[in-house]
Each structure stands twice: as C-alpha cells, then as structure tokens.
There are 2 protein chains.
Amino acid sequence: MTEKLASTRPRLNRDRVQTAAVALADHIGIEAVSMRRLSEELGVVPMALYKHVANKEELLDAMVEVIVGEIDPPAADAAWKDAVRLRILSARDVLLRHPWARQVLESRKHQTPVVLDYMNSMVGMFLGGGFSVDLTHHVMHALGSRMWGFTQELFLPSGGSAAEATMPREMNERYPHIALVAGAASHDDSVVAHGCDDRFEFEFALSLLLDGFERLHEAGWVSSRRTPSPR
Amino acid sequence: MTEKLASTRPRLNRDRVQTAAVALADHIGIEAVSMRRLSEELGVVPMALYKHVANKEELLDAMVEVIVGEIDPPAADAAWKDAVRLRILSARDVLLRHPWARQVLESRKHQTPVVLDYMNSMVGMFLGGGFSVDLTHHVMHALGSRMWGFTQELFLPSGGSAAEATMPREMNERYPHIALVAGAASHDDSVVAHGCDDRFEFEFALSLLLDGFERLHEAGWVSSRRTPSPR
DNA sequence: ACCTGAACACCGTTCAAGT
DNA sequence: ACCTGAACACCGTTCAAGT
C-alpha cells in the first residue's frame, strides 16, 4: 500500500508538466486547475512542480505554448488573404478543442517566443502581400483577438435561441429588438432560421475585415493622422 | 477604542456595496478586490456583505451595472452610423476610467438587465437605420466586444515602442516583421511615427466595420448560408 | 432584519530539510 | 539535482448564533 511508487512513474520534467496541465484543463476546466490539483494528477507533492515552472503564471505560459504549437503552419504558396484566413481558421479549430485556451491567451501579459513567432509570421503575410508597414500595423490591431481565432461573444453568447428559450415573454416585452433579432430563428428562412452558427458569425466578421483591408491596400491608403498639437 | 462604531457609519445596502466595490477596484485593482477586503473597506465583517449580494459573482454583476450606467444615453436624432459610433466611443471612455471593467464584463456569463438594455438599444439603432433583421444579427456579432468599447489588444499591447524598447536587438533578429511594424515609429512620418495610439487603432477598426456594414446594407445583402445537409 | 464569529475546504508560495 | 513537509497568508462560503 505505502510502497515506493517513485520507480513506476517517469521523472518529472517541463514537458510532462505542461502536457499534463493541458490535459487536465481539457478534462476538468481551467478554473479547477490549481498547482495542487495538477501535482496530485502527476502523483507528486505540490512543491515538486516549482522545480520545472517558476510559478502559476509560467505554467499558464507553458500551456499556451502547447496550444500555439497545434496551429497549422502557414500555407506554402497562397495569396495573403487566403494565407491569413487559413491560419486564423486553424487557430480557431485549436481553440474549439481547448475551450479554456481563449481566456488563458487573453490573460497573458508578456508574450512568449511562440506567441511572438505566430504574430511575426502573420505580419509577414501582410507585408508579403505588398501591404505598407503603416497599413500592416493598423490591420494587425484591427484583427485583435481574431488573429487567434476567437472573439468576445457578448451578444447572445449561449448560441442562438437560448436567450429566447429561457425567458420567452419577458424578452419580447423588455428587449423587443433583441427578441426580434434572436427570435427570428423559428419562423423564416433566413440565416437566423438555423440558429446562431458560431463559425458563420466568425467568418462573416473575418471576411468583412479582410475585404476592408484589401480595399484600403488597393486604394493605396495612408494614415492621415496628425500629431495632436501643431507644435 | 473598542466603542461601538455602528452609529457612525450608515446602514449597509446594495447601493453602498456596489459603489464601494467599484471605488475599491479603481483604487487597488480588480485582482485585489475580495469579499474580505471589501468588507474591511466598509467597516463590516465579511459575511455582512452576503445579506446584500448572494455571492461574489453577483457582486461583479452589480459592479457592471454601475459601469454600464455611466455610458451616455443614445444620441437623440442621429443616423444609425453616428449613433452607434457615439455610443461605442462613450462606452470606451467609461472603460478607460475603469480599466478593470473590461475583464469583468468579459467574465459575466448571464446577462443582467442593464446589459440587455444596452444591447437592445444598439440593436434598435441598426433596425431603425433600416437594416434587415438578418443583417442586424450578424452585425451585432461582428461588433463583439467592440460594442462595449474594447477589444483584445494582443498585438503590441504595451502601447507601441515598448516591445522594441525592452529588447531591441533580439526583436530585430527573431521577429523581423514585428520589429519592422513596431519599430518604424522612430524614423518616418507615418502613423507609427507617433507611437501606437489606442484610440486611433480602435476608431480605425470600428470605421472599417461600420463602413462594411453600410456597404452590405446598401447592397441589400442577404445571407446565402444554407443548412449543412440537403436533407 | 441585519450583522457576527468561528469554522471548512480550499488557494499560491516560502522555507528548511531530506535523499 | 530533485523532491518533501510543514507552515504562512490568503480565498469564498457554510452554519449557528447574536442583537
């Protein structure tokens, strides 16, 4: 019962720690992942983790590393627009497999090398497509979290008819416009008829932005921003 | 010393709790706001808060309530595009005053009435502008967190030349494209010459989206999405 | 009706010690 | 070099009690 188990499990190392952390988050949710819970999973005392990871922040960075590694490499010979779209949709697929990754990515304050590599390659796609440095800068900001394949779904986040289903009559009275837009689902043949398709909404907005970028690029857009004061 | 202080401070109520919570978050940061710390601020024992707020989640909801209340009401007689832009920029101003509000807003899972009111009025602006129910739906999703005046700043979040300043030479070698786009700041007269202006980037992307919405609306856009399977 | 006090089951992380 | 054990200073929240 209390025999030594040390020989039955491999030595701990950073790789085993970060892999186990990702698997644990997939399994029990990120909010339940603690240093203590993870150490338990690895059959080790909590403090043993601190030899391989400086603290919890670094553990989260290490988890991001794993996730970013799962994103497809850039498409070899594609025009900028396709290359960007494919990369972003691949990132989106990864985040769908690891639903917790979104909020962890958001919470990182210092970018790690893998994160910078990903962004660097995406900047390269725009520059390679002939975008000016100036426009590329703004375009990267405009993408925001969308370059990682996610956005804040703050409007009808539960996925379509849920808001309507939970409170049918009050919705109609207090929030008629929302009810109209959310509730059209049940009685017409438009998009909303099929409920709210996250992928469709994501691609809709992504295309809108990419088309906008293309239009500005082709028009030879340059920023007309001036310094606030004449002096 | 240990005399009764009960009479010197007003009775606790929900309003005093939520106001104090907002002030405390402004002052010490959201991560330091705990039920215990807040109760201390109010000169009361931790459990006293639970008479006015069911739990910490509800406290955060109450804080969001205060924040949303600070957003300007809709402009009276403005076209949809101006109305939407003004409302969003007002929300942005509020979030700049309460930097913690962004992440709290993101973390809410169930929308409270004030949040639904805000979204309802914004949906109304598009419908009032003649947008179809269908297009309005997609447009609201495309706005995402931008309708609350914020986005995930994941690209050069520190505000321009910081990334370059902290590691000048390694950046140039490992991440040449990022360095180019971030570093152009110091030696030309374009936008990036003035460092990275959050407000400019926000309005750039907002305008791109609003212009895109307008174009689709004027073209009488309808969704061409079909159900995945023929049957 | 509102506030208190003690307790429970957790956290991340330190330090000094073991092998 | 790597792992352990005990301890510290926190959490949110319960329960039963006070006024």
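Naming: A, B, ... by sequence-line order, numbering from 1 per chain.
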CG-CD distance between B:Leu143 and A:Gln152, expressed to the nearest 0.5 angstrom: 13.0 Å
Atom-to-atom span, CZ of A:Arg11 to C1' of D:dT4 - whole angstrom: 14 Å
Lys/Arg N to Asp/Glu carboxylate O, B:Arg37 vs B:Glu41, below 4.0 Å: yes
Any A:Met119 side-chain heavy atom under 4.5 Å of A:Gln111 side chain: yes
Min side-chain heavy-atom separation B:Gln103-A:Glu106 under 4.5 Å: no
Flag for A:His52-A:Asn13: side-chain donor and acceptor within less than 3.5 Å: no
A:Phe126 and A:Phe213 aromatic ring geometry - parallel, tilted or perpendicular at 30°/60° bounds: perpendicular
Nearest-angstrom distance from the residue atom CG of A:Leu42 to C1' of D:dC3: 13 Å
Spacing between B:Leu49 atom CG and C:dG5 atom P, to the nearest angstrom: 14 Å
Nearest atoms (heavy-atom pairs only) where A:Met140 meets A:Val123: CE-CG2, 3.7 Å
Test log, rule side-chain contact (heavy atoms from CB on, under 4.5 Å), inputs A:Trp148 and A:Val68: CA-CA 9 Å; A:Trp148 291 102; A:Val68 179; 3.8 Å; yes
DNA chain D stem ranges, 3 or more consecutive Watson-Crick or G-U pairs under 3.5 angstrom: C:4-8 with D:12-16, C:12-16 with D:4-8
Below 4.0 Å: OP1/OP2 of C:dC3 and any side-chain N or O of B:His52: yes
Protein-nucleotide distance (A:Leu12, atom CG; D:dC2, atom P), rounded to Å: 10 Å
Which atom pairs link the protein and nucleotides 10-15 of chain C when you take only N or O atoms and keep those under 3.5 Å?
residue : atom : partner : partner atom : Å
C:dC11  : OP1  : A:Ser34 : OG           : 3.2
C:dG12  : OP1  : A:Met35 : N            : 3.2
C:dG12  : OP1  : A:Lys56 : NZ           : 3.1
C:dG12  : OP2  : A:Met35 : N            : 3.1
C:dG12  : N7   : A:Arg36 : NH1          : 2.3
C:dG12  : O6   : A:Arg36 : NH1          : 3.0
C:dT13  : OP2  : A:Tyr50 : OH           : 2.9
C:dT13  : OP2  : A:Lys56 : N            : 3.0

